Number of protein chains: 2
Amino acid sequence: MRILLIEDDKVLGMAVRDQIAADGHSLDWVERLDEARAALNGAGFDLVLLDLMLPDGLGVPFLKALRQRGDVTPVIILTALDQLSDRLEGLNAGADDYMVKPFDLEELSARIGSVARRYSGNPNPLVTHGDIEVDLAARRITKGQREVSLTAREWAMFEAFLNRPGQLLSKAQLEDKLYEFGSEVESNTIEAHVSRLRKKLGQNVIKTERGMGYRLGPA
Amino acid sequence: MRILLIEDDKVLGMAVRDQIAADGHSLDWVERLDEARAALNGAGFDLVLLDLMLPDGLGVPFLKALRQRGDVTPVIILTALDQLSDRLEGLNAGADDYMVKPFDLEELSARIGSVARRYSGNPNPLVTHGDIEVDLAARRITKGQREVSLTAREWAMFEAFLNRPGQLLSKAQLEDKLYEFGSEVESNTIEAHVSRLRKKLGQNVIKTERGMGYRLGPA
DNA sequence: ATGGCTTTGTCAGCTTCTTGTCAGGGGCCT
DNA sequence: AGGCCCCTGACAAGAAGCTGACAAAGCCAT
């Protein structure tokens, strides 16, 4: 899980960083709101930890602006303020949770887990192969930056290769993957599909082993 | 905020009471519908938490009667029932939200906050997708400047897409979301609903992946 | 209950896309 | 050279999907 920490207190930040690392998440740490804006504009984070008092502004207006822009990344507020009004203000601004300093790092872990579970619309694990990125769960493929769309048969075939990276697959084996038992294919269907896959994904993705079959080429 | 809890399970009730107290709200707790009626006749509550199975009756007729009388107090249903039909019935009866036991108390807090926000004039966080704005909490959608109203099934389907943006959803998966297990749909129901959604939200919102399913298209 | 309105599952006819097949061409090995 | 295997553009048949229409069921207000 990718987490963005917006916090100017070095001591607290380091503690949070270590805890998050221990939980197996990856952390980006910025100390100012303008850095945070830049970071959020780029790739999608799964969670934001937001301090409310920062050198270049307050967290609540920042969060409001974020939501205004349609960003729904879960946000947990970290703050020394403990007034109820502050708490409501934070949640009203669109925060998902609220932690008062000094807080227990174990508790932070628990809440991160809870938020993560609640918003399980996170990016799925990606399989990468050269410049090709595959999201198996979502059935999405990108080559370079461009989205590639595969048909059902193409996907089935590519999946077969991904499941056995580098391993040789005979045409017979591929046929078994693509078709029900018994449905005889009597021509060069497999070859045709390989050709179509190569056209979409690149010529060197699938390697021909003459007389034997195909294999996923090295990245 | 004044909250009325109608719940006969002592253990759950105490847990909810503590959570609500921790959130700084005030709570009245009754265990029967007739007590609830008495309580609601008096001063105005800001929110009602309603169990569906109570010693002296069911929650849904109670809620219907309440709405019939013109009472618009927000109601969140708490129940062990998880059938889609129950869910639809509850929302149709006039509930604002619905939580299935056993639920996370943190989540209860969040939903209480959300309902409170909805009725306090503060906007909820919006999910935007192209020119479509979705207020998940309030179940409202606008396209361009125009308000779009979805039916129950349409909403269920669109929600499924929003929860997994960009991910491929097979027709079987969508059926699972829209219908209870076992209820066989033997025709192109899903296609028909997709068509209706597209008509309301725009043709490019839901993308067809022939032979595989549908996905929420890029904004 | 009663009548009107909405929702929704189903169907039929039509459109669109996939995909198995083929044919012609090219490369590799003996 | 010859034989074998493989590649790929083209194409047609059929599968999959779309959508307007309709009817049954549900919902609401009277």
Side-chain angles (χ1 to χ4, degrees), chain A residues 139 148-158 168-172 174-180 182-215 217, chain B residues 60-61 63-70 84-95 139 148-158 168-172 174-180 182-215 217:
Chain A
R139 292 208 167 199
V148 175
S149 104
L150 298 186
T151 69
R153 284 268 141 75
E154 286 162 1
W155 181 269
M157 183 173 234
F158 192 45
L168 183 86
L169 295 176
S170 72
K171 290 185 189 175
L174 288 169
E175 276 180 19
D176 290 348
K177 296 272 178 200
L178 294 201
Y179 308 97
E180 307 281 326
S183 42
E184 292 296 316
V185 224
E186 351 192 321
S187 68
N188 63 344
T189 312
I190 296 298
E191 292 167 29
H193 276 300
V194 169
S195 171
R196 284 168 186 148
L197 260 187
R198 292 209 257 239
K199 196 189 268 184
K200 287 188 180 178
L201 297 178
Q203 291 300 325
N204 45 348
V205 170
I206 296 171
K207 232 184 125 193
T208 303
E209 300 285 342
R210 210 153 229 276
M212 310 185 61
Y214 300 91
R215 74 175 76 230
Chain B
V60 168
L63 175 54
K64 273 187 180 159
L66 193 70
R67 294 297 185 226
Q68 199 83 40
R69 295 213 316 267
L84 179 75
S85 61
D86 297 317
R87 208 182 170 101
L88 286 178
E89 193 184 6
L91 294 174
N92 273 333
R139 298 186 168 243
V148 175
S149 94
L150 297 186
T151 69
R153 286 266 139 80
E154 286 163 0
W155 180 267
M157 186 175 227
F158 193 45
L168 185 102
L169 297 176
S170 71
K171 289 184 188 176
L174 289 169
E175 274 181 20
D176 290 347
K177 296 272 178 199
L178 295 201
Y179 308 97
E180 330 217 354
S183 42
E184 292 295 315
V185 221
E186 353 192 319
S187 69
N188 61 346
T189 311
I190 297 297
E191 293 166 31
H193 277 300
V194 169
S195 173
R196 284 167 186 149
L197 260 187
R198 292 210 256 237
K199 197 187 268 184
K200 288 189 180 178
L201 298 178
Q203 290 300 324
N204 45 349
V205 170
I206 296 171
K207 227 182 128 198
T208 303
E209 302 281 342
R210 217 158 227 269
M212 301 196 290
Y214 299 91
R215 73 174 81 230

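Since this is a predicted model, take the numbers as computed values, not measurements. Heavy atoms only: backbone and side chains are in, while hydrogens, waters and symmetry mates are out.
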In plain terms, say whether B:Glu209 and B:Lys207 are close enough for a salt bridge, that is, a side-chain N and a carboxylate O under 4.0 Å apart. yes
Mark yes or no for whether A:Glu154, through its side chain, and A:Thr151, through its backbone, hold a donor-acceptor pair below 3.5 Å.
yes
Distance col, row A:Ser195:OG vs A:Ile190:CD1, nearest 0.5 angstrom, shows 12.5 Å
Separation of C:dT16 atom C1' from B:Glu209 atom CD, nearest Å, is 15 Å
Between CD of B:Glu191 and C1' of C:dA12 the distance, given in whole Å, is 13 Å
Closest to the 5' end of DNA chain D, once A:Gly211 and B:Val194 are matched to their nearest nucleotides, is A:Gly211
Rounded to whole Å, the CG-P distance (B:Leu178 to C:dT10) equals 13 Å
Over all strands shown, is B:Arg210 touching base, sugar-phosphate only, or nothing at heavy-atom distances under 4.0 angstrom? base
So CZ of A:Arg196 and CG of A:Leu201: to nearest 0.5 Å the spacing works out to 14.0 Å
Presence of B:Lys171 side-chain N/O under 4.0 Å of D:dA16 phosphate oxygens OP1/OP2:
no
To the nearest angstrom, the CZ-C1' distance between B:Arg153 and C:dT7 comes to 9 Å
Assert: residue with more 5' nearest nucleotide on DNA chain C, out of B:Thr151 and A:Arg196, is B:Thr151
Taken to the nearest whole Å, NE2/B:His193 to C1'/C:dT7 is 9 Å
Taken to the nearest whole Å, CD/A:Glu154 to P/D:dT8 is 14 Å
How is A:Gln203 classified with respect to the nucleic acid when contacts are heavy atoms under 4.0 Å: base, sugar-phosphate, or nothing? sugar-phosphate
Practice problem: Would you please confirm or rule out a distance under 4.0 Å between OP1 or OP2 of D:dT19 and any side-chain N or O of B:Ser195? | Solution: yes
**Asked** Is a donor on one side and an acceptor on the other found under 3.5 Å between the side chain of B:Arg198 and the backbone of B:Ile206?
**Response** yes
Please check the phosphate of D:dC7 (OP1 and OP2 only) for any side-chain N or O of A:Tyr214 closer than 4.0 Å. yes
Assert: residue with more 5' nearest nucleotide on DNA chain C, out of B:Leu150 and B:Asn188, is B:Leu150
Here the distance between atom P of C:dT18 and atom NZ of A:Lys199, to the nearest Å, is 13 Å
Between NZ of A:Lys200 and P of D:dG9 the distance, given in whole Å, is 13 Å
task: Verify the contact: side-chain N or O of A:Thr208 to OP1 or OP2 of D:dC7, cut-off strictly under 4.0 Å; return yes or no.
output: yes
